[in-house]
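Notes to accompany the following structure.
Order of the sequence lines sets the chain letters (A, B, ...), proteins ahead of strands, with each chain counted from 1. These numbers were taken from a predicted model, which means no experiment stands behind them.
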Protein chains: 2
Amino acid sequence: MLRILSHCAPMNDFIHFARLCQTPFPKSLGDTGLGTETTTTSIAELIADRIDSMPTGERRAAQTLVANYPVIGLKTVADFSQQAGVSSPTILRFVARLGFQNYPEFQSALQDELAAQLQSPASRTVTAPSRSDAASPMIEATLDNLRETFRHLSDKQLNEIAEKMADHRGHMFLIGGRFTDPLARYMAAHLAIIRPNVFHLVGQESMWRDRLIDMGKRDVLVIFDIRRYQDSLIRFAEKAHQRGVQIVLFTDQWLSPIARFARHVIAGRTAVPSPWDSSAALFVVAETLIGAVTRQMEPDSARRIREMEGLR
Amino acid sequence: MLRILSHCAPMNDFIHFARLCQTPFPKSLGDTGLGTETTTTSIAELIADRIDSMPTGERRAAQTLVANYPVIGLKTVADFSQQAGVSSPTILRFVARLGFQNYPEFQSALQDELAAQLQSPASRTVTAPSRSDAASPMIEATLDNLRETFRHLSDKQLNEIAEKMADHRGHMFLIGGRFTDPLARYMAAHLAIIRPNVFHLVGQESMWRDRLIDMGKRDVLVIFDIRRYQDSLIRFAEKAHQRGVQIVLFTDQWLSPIARFARHVIAGRTAVPSPWDSSAALFVVAETLIGAVTRQMEPDSARRIREMEGLR
DNA sequence: CCGGGAACGTATCGTATGTTACGTATTTTG
DNA sequence: CAAAATACGTAACATACGATACGTTCCCGG
């Protein structure tokens, strides 16, 4: 059953589109009614449960199924096997290991699960918290952090910052602290693609301190600094500020002392039930800004990217 | 919200500043647009559009499909016809009337639609309006990505990975791609504090390729690789795998080819309404793992940290 | 270093599935 | 009311799908 013709494109780039209307009709439950009837445990759980006792090939099957759950399992064995990069028999052995007599039975189970899931849209929102709650308070706290962070962030502010970052008449420098340096690097990696003169300051303090001499009023300095705030960064920010550099500060909710010198301050929530603070909120703000800047520099950035690809 | 558990951290709770947020970012770019017909409109809409001009039998088919959307359409023609109370040819005439060449093509369309829907369940947040934060689609998408990513991630799997990472008999190497290298660095920065022998592989390919000689069965290699997957990383992973190194792969939902060699695969959602892909989900998974490893190594890690502080 | 077993892929087979032709029923139109 | 056209189901058909047997490779233990 369920075969497919064209379009096996394993990984097409972006996918977006169409939402479809939900149908609030009752389902005349026609259960296939055969085989092992107890579907109390979802197939996804079943997989997570046994994935460790599987051989390599079947594990690849399991992984691709989980990654594209459950659509790939609704396609044919051939499609499934191709996307997983294994042979058809491996797929069949995989579903057999899950306890299904044959492939159609496996598909029926997936379909029933899907039907149950789609029927009550509430069940989704109900099961989601319960699962993620059980999974870890960590993710819940992170979600809260994200929401809170953005709640205190006006899009006017974001746009202003993006505008400043998009202004490539001046240079742009990024620097971070011990744990936040990767964020600076992440941002720099993207921005350096869509605009010129982006520099990620790394290495010894003396190295980037000397770069101060190149900085002026038209330049932007992006600093990531969460506690414990590093003295070196504070000193650096102060000197940069004295030279008239525009400072954009990413910090935590307790505000680094650098906030005193900053033109723009982004305060992200960092508290999570972990020995470490979380930089996830700042990371997402950074991604949002990267997107905003890119959008703002269109079509300039697109041209630049194309030109870059040509250089390979 | 914002719960704080256990050990560590002097943290004053809250602080608050005002400011509201609303962000009307539009821009959704291109759709995949392949296939014989442009599916800009969902199939459900297509049906609602033409259902009036259908003969009785096909209309019954349409109704049963809408009532059990889309699951019944994923089953066989026989199942569909039986549930609709019509014959098989009627079903085929029905899908033909919708503009599909044959039944498999119709099923493919349904599957694609389903995949797109499951990927961005943004429509799911009916509760969003109640929360006055009409946040940007960007942050909403990111929140969805996080939820979806963790929904497919059992904590059993997380714990096993954490366990492997906590095992410091062997060495631990981290490496990332063009945009994900900062994630590797971020993780390395934390793990290097709580356990010995953590190495972030950076610089030229030849640099870290030579490190292969130090790697063996007891070692762990953490790779971040999202599309476009980098050949250099794939080659590196393959060689490491041949040496028996345990590979933990952070990738996107389309699974880097490295998944073939990986002992553990973490598939994070990356789709956001932006020209760039989002690594936020992987970032949060990384943070979660960092926390889990730290907790697992207690009180060893605490002692190590204290000792470190003494070295200043 | 060698033997045994597990794992995976290739090739083949039987069959369930989608498809089509044709005959009957039902509705439409002059 | 008759004749035609449309709609629908029955039954036969061919394809492609899932299943299986078999050979090769890889890995582990002796």
Side-chain angles (χ1 to χ4, degrees), chain A residues 1-8 32 34-35 50-65 72-111, chain B residues 50-65 72-111 216-218 238-239 241-247 259-263:
Chain A
M1 78 169 62
L2 293 182
R3 64 190 70 131
I4 174 179
L5 302 184
S6 53
H7 176 246
C8 277
T32 54
L34 56 86
R50 307 193 184 178
I51 192 170
D52 303 308
S53 59
M54 290 182 186
T56 346
E58 302 181 26
R59 189 153 50 211
R60 289 188 66 191
Q63 284 160 353
T64 43
L65 176 58
I72 189 63
L74 300 175
K75 297 180 187 284
T76 66
V77 176
D79 289 336
F80 193 167
S81 65
Q82 187 177 353
Q83 183 142 354
V86 297
S87 67
S88 304
T90 301
I91 299 297
L92 296 176
R93 282 188 282 262
F94 162 65
V95 301
R97 191 180 296 265
L98 291 181
F100 298 98
Q101 294 294 330
N102 46 29
Y103 195 70
E105 185 179 312
F106 163 71
Q107 286 190 323
S108 293
L110 278 181
Q111 287 164 359
Chain B
R50 306 189 186 180
I51 194 173
D52 297 318
S53 60
M54 289 183 186
T56 39
E58 301 181 28
R59 191 175 306 166
R60 288 185 68 180
Q63 284 162 350
T64 46
L65 174 59
I72 188 63
L74 300 176
K75 296 180 184 288
T76 67
V77 177
D79 290 338
F80 193 168
S81 66
Q82 188 176 356
Q83 183 142 357
V86 296
S87 67
S88 304
T90 300
I91 299 297
L92 295 177
R93 281 188 282 263
F94 163 67
V95 300
R97 191 181 295 268
L98 290 180
F100 297 99
Q101 295 293 329
N102 47 30
Y103 195 70
E105 185 179 311
F106 163 72
Q107 287 189 322
S108 292
L110 279 181
Q111 288 165 357
K217 291 200 226 314
R218 330 195 69 161
E238 182 171 11
K239 298 210 180 87
H241 174 68
Q242 285 167 357
R243 297 187 63 87
V245 179
Q246 311 251 24
I247 295 181
R260 178 187 199 92
F261 313 116
R263 177 75 183 79

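Atom-to-atom, CE of A:M54 to P of C:dA6 comes out at 18 Å; the value is rounded to the nearest Å. Taking atom CZ on B:F100 and atom C1' on C:dG18, their separation rounds to 16 Å, with Å as the unit. When rounded to the nearest whole Å, the span between CG of B:D79 and P of C:dA16 equals 13 Å. Between the CD atom of A:Q101 and the C1' atom of D:dG18 there is a distance of 14 Å, given to the nearest Å. The interatomic distance linking B:E105 (CD) with C:dT17 (P) rounds to 21 Å, in whole Å. The CZ atom of B:F106 sits 17 Å away from the P atom of C:dT17 (whole-angstrom rounding). As a whole-Å value, the separation of A:L92 CG from C:dG9 C1' is 13 Å. Rounded to an integer number of Å, the gap from B:F80 CZ to C:dT17 P is 16 Å.
Distance from the side chain of A:N102 is smallest for D:dA19 among the nucleotides D:dC8, D:dG9, D:dA19. When the nucleotides D:dG9, C:dC8, D:dA19 are ranked by their closest atom to the side chain of A:R93, C:dC8 comes out on top. Ranking C:dG18, C:dT10, C:dT20 by closeness to the B:Y103 side chain, first place goes to C:dG18. When each of C:dG9, D:dG18, D:dG9 is scored by its nearest atom to the side-chain atoms of A:T76, the top-ranked nucleotide is D:dG18. For A:V86, taking side-chain heavy atoms from C-beta onward, the closest of the listed nucleotides C:dT19, D:dT10, C:dG9 is C:dG9. With distances taken from any side-chain atom of B:P55 to the nucleotides C:dC8, D:dG18, D:dC8, the minimum falls on D:dC8.
Looking only at side-chain heavy atoms (C-beta outward), A:K75 and B:Q107 stay at 4.5 Å or farther from each other.
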**Message:** Evaluate B:V245 against B:F261 for side chain to side chain contact (heavy atoms under 4.5 Å, CB included), listing each step before the verdict.
**Reply:** CA-CA 9 Å; B:V245 179; B:F261 313 116; over 6 Å; no
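Listed pair B:S88 / C:dG18 fails the phosphate criterion, with no side-chain N or O lying under 4.0 Å from OP1 or OP2. For B:T90, a side-chain nitrogen or oxygen approaches OP1 or OP2 of D:dG9 to under 4.0 Å. An OP1 or OP2 oxygen of C:dA7 is reached within less than 4.0 angstrom by no side-chain nitrogen or oxygen of A:T56.
Between B:I72 and B:Y103, the shortest heavy-atom distance links the atoms O-OH, 4.3 Å. When all heavy atoms of B:A62 and B:F94 are compared, the closest pair comes out as CB-CE1, 3.6 Å.
Heavy-atom distances to DNA chain C give each of B:R260 and B:P89 a nearest nucleotide, and the one nearer the 5′ end belongs to B:R260.
Proximity of a side-chain donor or acceptor of B:R50 to a complementary backbone N or O of B:R97 within less than 3.5 Å is detected.
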